[in-house]
Amino acid sequence: MAIARTQPFDGPTLFSYGFRPFFLFGAFYAGLTILMWVPFYFGDIDLPLAMGPADWHMHETLFGFVPAVIAGFLLTAVPNWTGRLPVNGTALISLVLAWGLGRIAINMSALLPLWAVVLFNLSFPILFAAAVCREIIAGKNWRNLKVLVMFSMLVLAQCWFYFAWANGLDVKPAAYLALGVVLMLIMLIGGRIIPSFTRNYLVKRKSEILPQPFGSFDKLTVAVSALVLLGFIVQSTGAFSLPLVFAVGFMVLAGLHLVRLLRWHPELIWRDGLLLVLHMGYGFLPIGFALMGFSFLNDGVVPLVAPIHALSTGAVGLMIVGVMCRATLGHTGYPLVATRGTLVLFAAVFSAAILRIVAAFDLEISMGLMRASHLFWVIGFWGFVALYGGKLMRPRAEPRR
């Protein structure tokens, strides 16, 4: 979609559109947290944190890096949905500062009172949700309110995380809710843009085979996914234990999402890197759900950490880097072509996902595989900063005549 016209703004180009600062800082922070996480996890460095390494890692991934990229995407998409002017200038800078203050607070949480850490971290998602709500209501774009509802659930998960943390409870159920919300956003938004971009690509090449549009099968897949994921989150609190039910449920999800992906004909787009990475990212949904099913079916044979990282590092990571690259190129006036450098970014994040999944199965070599996985992740996201940072900070490129 074409980017909306702008409000008058004479400041830095970086703050002229929402995707510019949030993609740049979000990608940088994605690499930085993993660079810190490795020595922190292995005890090589000490950070002034009031929470353990694993909890910090979950928090800064699900409530730090990911919401920044979501904000960048939605602040650019919402003006196209509503026809209103995009948020920029002082309002955008305020949102970026709120996000940054949250990152500082959590990384100094041992030096601050709990209420201050929570306040600084919740200020960004609440302000952002309010801004998006205002735009959707003012533009009367009711059909996209569901995206705001999903983001609000992410804020709810963050509140749950803080409640559990403050009371010495397990924070994993809150983290699972956050991951589930992000996966649902991939199903909803990815389920629209992937077949749409694929159709455009195939139409240009006069293909007689085209992807199936969003229809009844997609609605069924999303609904069943929401039901199974909600059940998984509830059972993770210890409310009940039905391993066979969840084994079957996640296997069904794997099958549904595999069929959904095949309906988009990924075999026809492998020459287009920007499309291929989106298909590959979505492909980690059936992989992750299948592994999740096996983790319930054979306790201990498939560690839970394997499907969790298939869904997070694989599905979320690849979808995010793919969307950031495509949106940055399209909205800064560059051709929608994946250069060799961009393909390296995609390969790095893909390798990070595969290595992290494999590391869960072999404890003897897991540390080496984890370090390698983290290195590839940093290459992928800091590589994005290196290749796309200039595009994000410079004015839109004028088309060549």
Side-chain angles (χ1 to χ4, degrees), residues 73 147 150 179-205 207-229 232 247-295 302 306-327 336 338 343 345-347 349-354 356-357:
F73 175 82
V147 176
M150 297 303 298
L179 178 59
V181 170
V182 176
L183 295 177
M184 291 300 296
L185 285 172
I186 289 176
M187 295 174 205
L188 290 170
I189 298 176
R192 299 266 185 190
I193 65 174
I194 295 174
S196 175
F197 294 157
T198 302
R199 174 177 289 272
N200 294 341
Y201 173 84
L202 294 177
V203 167
K204 287 181 180 179
R205 281 148 189 80
S207 173
E208 296 182 358
I209 302 175
L210 297 175
Q212 296 294 317
F214 193 95
S216 300
F217 179 80
D218 301 271
K219 294 177 181 178
L220 173 66
T221 300
V222 172
V224 174
S225 299
L227 182 63
V228 174
L229 288 172
F232 169 70
V248 173
F250 277 111
M251 288 298 184
V252 169
L253 282 196
L256 288 173
H257 284 281
L258 178 59
V259 171
R260 192 185 192 199
L261 178 61
L262 294 176
R263 282 159 54 91
W264 300 335
H265 298 289
E267 75 280 2
L268 301 178
I269 53 84
W270 62 273
R271 292 180 181 274
D272 189 313
L274 292 175
L275 262 181
L276 181 61
V277 69
L278 298 179
H279 283 263
M280 290 172 61
Y282 198 92
F284 271 96
L285 288 184
I287 292 172
F289 289 145
L291 289 172
M292 189 74 81
F294 281 116
S295 74
V302 178
I308 291 297
H309 282 90
L311 296 170
S312 56
T313 310
V316 177
L318 277 172
M319 287 293 293
I320 280 180
V321 77
V323 167
M324 287 197 306
C325 289
R326 188 181 191 95
L336 290 175
L343 294 177
L345 307 184
F346 298 161
V349 177
F350 176 79
S351 300
I354 295 299
R356 190 62 188 86
I357 295 168

Practice prompt. List the atom of Gly190, the atom of Met319, and the distance in Å for their closest heavy-atom pair.
Written response: CA-CE, 4.1 Å
Discussion item. Using a 6.0 Å cut-off, check whether atom CZ of Arg205 has over 12 heavy atoms from anything other than its own residue.
Written reply: yes
Worksheet entry | Shortest non-hydrogen contact from Phe284 toward Ala353 | CZ-CB, 3.9 Å
Discussion item. Is there a side-chain contact between Val277 and Phe350 in this structure, where contact means two heavy atoms from C-beta onward sitting under 4.5 Å apart?
Written reply: no
Worksheet item: For the atom pair CG (Leu291) and CE (Met251), what is the distance rounded to the nearest 0.5 Å?
Response: 8.0 Å
Worksheet, complete the sentence: In short, Gly288 meets Leu311 closest at the heavy-atom pair CA-CD2, 3.8 Å
Worksheet item: Taking all atoms of both residues into account, what is the closest heavy-atom pair of Ser225 and Thr221, and its distance?
Response: OG-O, 2.7 Å
Practice prompt. Using atom types as modelled and distance alone, determine if a side-chain donor or acceptor of Asp218 lies under 3.5 Å from a backbone N or O of Gly215.
Written response: yes
Discussion item. For the CZ atom of Phe250 and the NE2 atom of His257, what is their distance to the nearest 0.5 Å?
Written reply: 10.0 Å
Worksheet item: Does the side chain of Leu258 come within less than 4.5 Å of Leu262's, by heavy atoms?
Response: yes
Fill in: Minimum side-chain heavy-atom gap Arg260-Leu285 below 4.5 Å
no
Practice prompt. Step by step, work out the side chain to side chain contact (heavy atoms under 4.5 Å, CB included) result for Arg326 and Phe197.
Written response: CA-CA 11 Å; Arg326 188 181 191 95; Phe197 294 157; 3.3 Å; yes
Worksheet item: With a 4.5 Å heavy-atom cut-off, do Arg263 and Pro195 have their side chains touching?
Response: no
Item to complete: Locate the shortest heavy-atom distance separating Leu274 from Cys325; write the atom from each residue and the value.
Response: CD2-CB, 4.2 Å
Worksheet item: Got Val222 and Leu188 here, is their nearest side-chain heavy-atom distance under 4.5 Å?
Response: yes
Fill in: Nearest atoms (heavy-atom pairs only) where Val323 meets Phe73
CG1-CD1, 3.8 Å
Worksheet item: Applying the side chain to side chain contact (heavy atoms under 4.5 Å, CB included) test to Leu268, which of Leu202, Leu210, Thr198 qualifies?
Response: Leu202
Worksheet item: Is the Trp264 ring parallel, tilted or perpendicular to the Tyr282 ring (thresholds 30°, 60°)?
Response: perpendicular
Discussion item. Looking at Tyr201, I'd like to know if its OH atom is crowded, meaning that more than 12 non-hydrogen atoms belonging to other residues, nucleotides or ligands lie closer than 6.0 Å.
Written reply: yes
Worksheet entry | Interatomic spacing from CG in Leu278 to CZ in Phe346 - rounded to 0.5 Å | 7.5 Å
Discussion item. With heavy-atom distances below 4.5 Å as the criterion, would you say the side chains of Arg271 and Leu276 are in contact?
Written reply: no
Worksheet item: Quick one: are Leu183 and Met187 in side-chain contact, heavy atoms under 4.5 Å?
Response: yes
Worksheet item: Just by distance, with hydrogens left out, do His265 and Ser207 show a side-chain donor and acceptor under 3.5 Å apart?
Response: no
Fill in: Heavy-atom side-chain contact between Val228 and Val252 under 4.5 Å
no
Fill in: Residue pair Ile308, Met292: steps toward the side chain to side chain contact (heavy atoms under 4.5 Å, CB included) verdict
CA-CA 8 Å; Ile308 291 297; Met292 189 74 81; 4.0 Å; yes
Item to complete: To the nearest 0.5 angstrom, please state how far the CG atom of Leu336 sits from the CG atom of Asp272.
Response: 8.5 Å
